[in-house]
Amino acid sequence: MSYPFSMKINMKERDFLISPSILSADFTQLGDQIQRAEQAGADWIHVDVMDGHFVPNISMGPFIVEACRRATDLPLDVHLMIEKPERYLENFISAGADYLTVHIETCPEMDRILSRIQELGCKAGITLNPATAVDKIEPFLKLADLVLVMSVQPGHSGQSFLSETLPKISWLRNKIDEIKPEVLLEVDGGINPETIRDAYDRGARVFVAASAIFNHPQGIQAGFDSLLERLRG
Ligand code: DX5
Ligand code: ZN
């Protein structure tokens, strides 16, 4: 296993990144919540975009990405759970996305979409639902900057981690190390102090967490620290 990004993109001497998802933030105080996450030590901010078609829920669009951009200089990690994402790449990138991740289930021409995202100056990610076979990702690995394993059915925060997705993380860790070691391997859904270590041990190095950070009873810093402790312990 290699960690080519550990020193380069992270000044905190960690070999992993934490990307708090604002889906569980208090939207009456979004800027403040993002700044608290940043002060707690967040590496990125994760923005979950849902269209009511690909997933039943409707969440946020480019306006919110633009608001996040004004609230922080941290990289914005934008997860598009939408049909026909190719219609909106420019909108999200001009709003300030640094990483734009699209679902393999929505992209029959994945190679073209990844290239387009990169041409627009953004990093390109691929993700897949828990029920989708992981080997569908392989043909596109060499084109991607990031691969995201969904460890819950996309659509809501606060769900339980699906441990049957752990073998996908191991499989992708091996493939990434073989094909393109600089690809970041991210996991999203049900990440909390009980589950984060298993995902790390399988090879994930970027962790999305919404409820474990923003809904922690002692606040955002305590939620963030509870994740860090499990990775350091
Ligand atoms: C789920 C979203 C996740 C979600 C994670 O559809 O993609 O990013 O916000 O929420 P938690 O961490 O609470 O499972
Ligand atoms: Zn997400």
I want to check something: taking the side chain as every heavy atom from C-beta on, are [X] and [Y] in contact at a cut-off of under 4.5 Å?
{"X": "L184", "Y": "V147", "result": "no"}
{"X": "F27", "Y": "I64", "result": "yes"}
{"X": "L114", "Y": "R112", "result": "no"}
{"X": "I22", "Y": "H46", "result": "no"}
{"X": "R116", "Y": "L120", "result": "yes"}
{"X": "D43", "Y": "S19", "result": "no"}
{"X": "M60", "Y": "M50", "result": "no"}
{"X": "L185", "Y": "V149", "result": "yes"}

Answer yes if the side chains of [X] and [Y] hold a donor-acceptor pair under 3.5 Å, and no otherwise.
{"X": "N174", "Y": "E178", "value": "no"}
{"X": "S21", "Y": "D48", "value": "yes"}
{"X": "S157", "Y": "S24", "value": "yes"}
{"X": "Q29", "Y": "D26", "value": "yes"}
{"X": "T106", "Y": "E83", "value": "no"}

Is a side-chain N or O of [X] found less than 3.5 angstrom from the main chain of [Y], in a donor-acceptor match?
{"X": "R197", "Y": "L231", "answer": "yes"}
{"X": "R69", "Y": "A95", "answer": "no"}
{"X": "R205", "Y": "Y200", "answer": "yes"}
{"X": "H216", "Y": "Q218", "answer": "yes"}
{"X": "K180", "Y": "D145", "answer": "no"}
{"X": "Q118", "Y": "A144", "answer": "no"}
{"X": "N129", "Y": "A131", "answer": "no"}

Shared hydrophobic cluster, [X] / [Y] (ILVMFWY, side-chain heavy atoms < 4.5 Å):
{"X": "I220", "Y": "I34", "result": "yes"}
{"X": "V65", "Y": "I93", "result": "yes"}
{"X": "V134", "Y": "L162", "result": "no"}
{"X": "F214", "Y": "I196", "result": "yes"}

Which residue in the set L80, V78, L100, L23 passes side-chain contact (heavy atoms from CB on, under 4.5 Å) when paired with V47?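 Running side-chain contact (heavy atoms from CB on, under 4.5 Å) over L80, V78, L100, L23 with V47 returns exactly one hit, V78.
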Electrostatic pair D198-R202, nearest N-O below 4.0 angstrom: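 Salt bridge: no.
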Verdict with supporting geometry, T72 and Q35, side-chain contact (heavy atoms from CB on, under 4.5 Å): CA-CA 7 Å; T72 182; Q35 280 152 15; 5.8 Å; no
Contact summary for [X] and [Y], nearest pair of heavy atoms:
{"X": "L227", "Y": "P193", "result": "CD2-N, 3.7 Å"}
{"X": "E164", "Y": "P167", "result": "O-CD, 3.2 Å"}
{"X": "N57", "Y": "G155", "result": "ND2-O, 2.9 Å"}
{"X": "D111", "Y": "L143", "result": "CB-CD1, 3.5 Å"}
{"X": "P75", "Y": "D98", "result": "CA-OD2, 3.3 Å"}
{"X": "Q153", "Y": "Q159", "result": "O-NE2, 2.8 Å"}

In terms of ring plane angle, is the pair F16 and F207 parallel, tilted or perpendicular, where the classes change at 30° and 60°?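 Plane angle over 60°, so perpendicular.
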Can you check side-chain contact (heavy atoms from CB on, under 4.5 Å) on I117 and E119, steps first, answer last? CA-CA 6 Å; I117 292 171; E119 277 166 24; over 6 Å; no
How would you list, by chain and number, every residue that makes a side chain to side chain contact (heavy atoms under 4.5 Å, CB included) with [X], sequence neighbours excluded?
{"X": "K84", "value": "E86, R87"}
{"X": "I104", "value": "M110, I126, L128, T132, K136, I137, F140"}
{"X": "Y88", "value": "I82, N91, F92"}

Separation between [atom1] of [X] and [atom2] of [Y], rounded to the nearest 0.5 Å:
{"X": "T127", "Y": "H79", "atom1": "OG1", "atom2": "NE2", "result": "4.5 Å"}
{"X": "S226", "Y": "I213", "atom1": "OG", "atom2": "CD1", "result": "7.5 Å"}
{"X": "I169", "Y": "D201", "atom1": "CD1", "atom2": "CG", "result": "10.5 Å"}
{"X": "I191", "Y": "I18", "atom1": "CD1", "atom2": "CD1", "result": "9.5 Å"}
{"X": "I179", "Y": "L172", "atom1": "CD1", "atom2": "CG", "result": "9.5 Å"}
{"X": "M81", "Y": "M150", "atom1": "CE", "atom2": "CE", "result": "6.0 Å"}

Assess whether side-chain contact (heavy atoms from CB on, under 4.5 Å) is satisfied between Y99 and D77, documenting all intermediate values. CA-CA 5 Å; Y99 284 81; D77 171 29; 4.1 Å; yes
Heavy atoms from other residues, nucleotides or ligands near NZ of K123 exceed 12 (cutoff 6.0 Å):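 Atom NZ in K123 is not crowded, with 12 or fewer foreign heavy atoms closer than 6.0 Å.
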After noting the C-alpha distance and the side-chain angles of R14 and L228, does the key distance pass the side-chain contact (heavy atoms from CB on, under 4.5 Å) rule? CA-CA 10 Å; R14 303 182 198 139; L228 273 191; 3.7 Å; yes
